[in-house]
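In what follows, a single structure is set out as structure tokens and then discussed.
Proteins come first, then strands; the chains are lettered A, B, ... in the order of their sequence lines, and each starts at number 1. Values in this document were obtained by computation on a predicted structure and should not be read as measured data.
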2 protein chains.
Amino acid sequence: MALYHKVKRELIADIQSGKFLLDKPLPNESDLAARFGISIGTLRRAVDELVSEHVLLRQQGRGTFVGQLDQERFMYQFFKLESEDGIREFPHSELIDFDTARANSEESASLGLRGNPKVFRIKNLLLLQGKPVVFDRITLSCALFPSLNQEQFVQRSGTIYDLFQREFGVTVVGADERTRAILADEEAASVLQIPIGSPVLRVTRIARTFNQQPAELRISIINSQAHELVSNTNPKS
Amino acid sequence: MALYHKVKRELIADIQSGKFLLDKPLPNESDLAARFGISIGTLRRAVDELVSEHVLLRQQGRGTFVGQLDQERFMYQFFKLESEDGIREFPHSELIDFDTARANSEESASLGLRGNPKVFRIKNLLLLQGKPVVFDRITLSCALFPSLNQEQFVQRSGTIYDLFQREFGVTVVGADERTRAILADEEAASVLQIPIGSPVLRVTRIARTFNQQPAELRISIINSQAHELVSNTNPKS
DNA sequence: AAGTGGTCTAGACCACTTG
DNA sequence: AAGTGGTCTAGACCACTTT
């Protein structure tokens, strides 16, 4: 395996262990290279990849920082809803239900759990311009988020993933999503304030931390009447 | 602007002008660097980016090639339908209709055309395991694909984008997509052999060539009963 | 054996931010 | 002015494919 790849893994381990503080820059590139006993070019290559994955953030003249799961990144990477006229807006969040239960088989499989361990089941609503648009059912392993409770969830100041990172050291770096069109059932229709049987998007997301470890299962029911899921496969050019 | 960025643009110009043959390797990296009067590291950086955008393809020991829009890349970048059990399959294609018309305003806006110039309107069906799954309505500017005709479209040997590249020098490098859930109208229901009013995905894609130039407008109606749209935002790690 | 891309080095100098 | 990341160089050596 290439040297820069090993260095990259070591940097990830340092991030996970909390060795780098979230609001302070990492050591500068010369120091890091010296610490690893490699040339600066190789160090830069490892950091380059982590930056391209949004795990690190470089700012010329200031330093290199651990990537925060703040609003901006959430909108960029995980919340890709846009109104027809192309306007994107950070959603307002409303907790509907917070519960613990035993994982069913789908949840266990998605989260990579064995048996039927305890999980949190959270129902949450996202609103845009005051109107309900996304109904999320979130499943989290209690083992991964041991002290999580409803108050902490509701009182969080930033995004949900920011809470995961700051309070539990779980850094969500990406997700797999599967999308289909279905008809709204009674619960979804009621929450989204649309007629039963309306066409809605159903997005199943498995959010992952480093090494493809699953951290969250989220099933989103989206009213796409006034908003669309956007994606692009364009180079920056 | 950085030197490697200029070199990248020159390489793109060479690809567009047909200077590099599709099935032969580019000059090796030392030669290219010498030709541009730059160091090999800088040349590699320009090529690195084009490789990451799938415009070029490097093969150690063999050489660097222009990225072909073949089945493999089509499946990887543009056809992200997967059955529930995770199986992906290259679809069979069936032409439904091939026509020319004046662009409507949506088509003009999407394709960056002025006025209401002539366009091709193509209706096409994609089948998986013999069953209709995707109903595509494709709009192309006649100006960009001057000699295109129905026979050529039907007789093509590879993907549609491969035809664009080989016959018209139009290299599709990416696309913007917007997805929503709707109810199948009469035409879509008939083509997809599902009841009218079934929930389906509606994906509006604008495929682009270099410099974000739009090349194709495609509206896909997808029966997501047995297949899902997949996407992921994961690093390779 | 010859030719290709892949990795790594050890520097120089530039652009940007902060004190 | 000092410190950071950003670009570029000129080479060495390795891994892989082809002849």
Side-chain angles (χ1 to χ4, degrees), chain A residues 1-12 14-15 19-68 70 72-73 235-237, chain B residues 1-12 14-15 19-68 70 72-73 235-237:
Chain A
M1 181 193 287
L3 181 52
Y4 74 90
H5 210 290
K6 288 181 191 163
V7 171
K8 184 180 162 186
R9 289 193 177 277
E10 292 198 55
L11 287 170
I12 288 174
D14 287 344
I15 294 166
K19 198 165 172 178
F20 301 139
L21 297 169
L22 285 185
D23 296 310
K24 297 213 179 297
L26 272 60
N28 71 48
E29 302 190 332
S30 311
D31 286 356
L32 280 176
R35 182 172 313 188
F36 287 116
I38 59 176
S39 79
I40 209 169
T42 302
L43 183 277
R44 276 188 66 80
R45 180 151 182 187
V47 174
D48 280 345
E49 291 205 358
L50 290 169
V51 168
S52 80
E53 295 162 10
H54 311 288
V55 173
L56 293 179
L57 175 66
R58 278 205 276 234
Q59 295 182 249
Q60 190 174 7
R62 299 204 342 112
T64 302
F65 301 80
V66 173
Q68 304 279 300
D70 55 11
E72 188 181 0
R73 179 163 166 207
K236 302 154 202 172
S237 159
Chain B
M1 183 192 290
L3 181 51
Y4 75 91
H5 210 291
K6 288 181 191 163
V7 171
K8 184 180 164 187
R9 289 193 176 276
E10 291 197 55
L11 288 169
I12 287 173
D14 287 344
I15 293 166
K19 199 165 174 179
F20 301 139
L21 298 170
L22 284 186
D23 297 310
K24 296 211 180 298
L26 272 61
N28 71 47
E29 302 191 330
S30 311
D31 286 357
L32 279 176
R35 184 172 312 188
F36 286 117
I38 61 177
S39 78
I40 209 171
T42 302
L43 183 276
R44 274 188 66 82
R45 179 152 184 185
V47 173
D48 279 346
E49 291 206 357
L50 291 170
V51 168
S52 80
E53 294 162 9
H54 311 287
V55 173
L56 294 178
L57 175 67
R58 279 205 276 233
Q59 295 182 247
Q60 189 174 6
R62 301 206 339 113
T64 301
F65 301 81
V66 173
Q68 303 278 301
D70 55 11
E72 188 182 358
R73 178 162 167 207
K236 300 156 204 171
S237 160

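Across A:Gly63 and A:Pro25, no two heavy atoms sit closer than the pair CA-CB, 4.3 Å. Between A:Ile40 and A:Ser30, the shortest heavy-atom contact is CD1-OG, 3.8 Å. Here the shortest heavy-atom pairing between B:Leu11 and B:Ala46 reads CD1-CB, 4.3 Å. Between B:Lys8 and B:Glu53, the shortest heavy-atom contact is NZ-OE2, 3.0 Å.
Side-chain nitrogen and oxygen atoms of B:Arg44 include none within less than 4.0 Å of the OP1 or OP2 phosphate oxygen of C:dG5. Listed pair A:Asn28 / D:dT4 meets the phosphate criterion, a side-chain N or O lying under 4.0 Å from OP1 or OP2. A close approach under 4.0 Å does not occur between any side-chain nitrogen or oxygen of A:Thr42 and OP1 or OP2 of C:dC8. A sub-4.0 Å separation between OP1 or OP2 of D:dC8 and a side-chain N or O of B:Arg45 is absent. Contact check, B:Tyr4 against D:dC8: no side-chain N or O comes under 4.0 Å of OP1 or OP2.
Rounded to whole angstrom, the span from the NE2 atom of B:His5 across to the C1' atom of D:dT7 amounts to 13 Å. For A:Ile40 and C:dC8, the CD1 to C1' distance is 13 Å, given to the nearest whole Å. When rounded to the nearest whole Å, the span between NZ of B:Lys8 and C1' of D:dC8 equals 17 Å. Rounded to an integer number of Å, the gap from NZ of B:Lys24 to P of C:dT4 is 15 Å. Computed from coordinates, the A:Leu43 CG to D:dT4 P distance equals 13 Å when rounded to whole Å. With rounding to whole Å, A:Glu29 atom CD is found 11 Å from D:dT7 atom P. The nearest whole Å value for the distance from the CD atom in A:Glu49 to the P atom in C:dC8 is 11 Å. Protein atom CG of B:Asp48 is 8 Å distant from nucleotide atom P of C:dG6, rounded to whole Å.
No salt bridge links A:Glu10 with A:Arg35; every basic N to acidic carboxylate O contact stays at or beyond 4.0 Å.
Considering CG of A:Leu22 and CZ of A:Phe65, their distance stands at 11.5 Å, rounded to 0.5 Å.
At a threshold of 4.0 angstrom between heavy atoms, the contacts of B:Thr64 are confined to the sugar-phosphate backbone, with no base atom among them.
Remark: C:dC16 base-pairs with D:dG3. Criterion, Watson-Crick or G-U wobble with two distances under 3.5 Å.
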Mind listing the N/O atom pairs, protein and nucleotides 14-16 of chain C, below 3.5 Å?
residue	atom	partner	partner atom	Å
C:dA15	N3	A:Gln60	NE2	2.9

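Summarising the local packing, CD of B:Glu72 is surrounded by 12 or fewer heavy atoms from other residues, nucleotides or ligands at distances under 6.0 Å.
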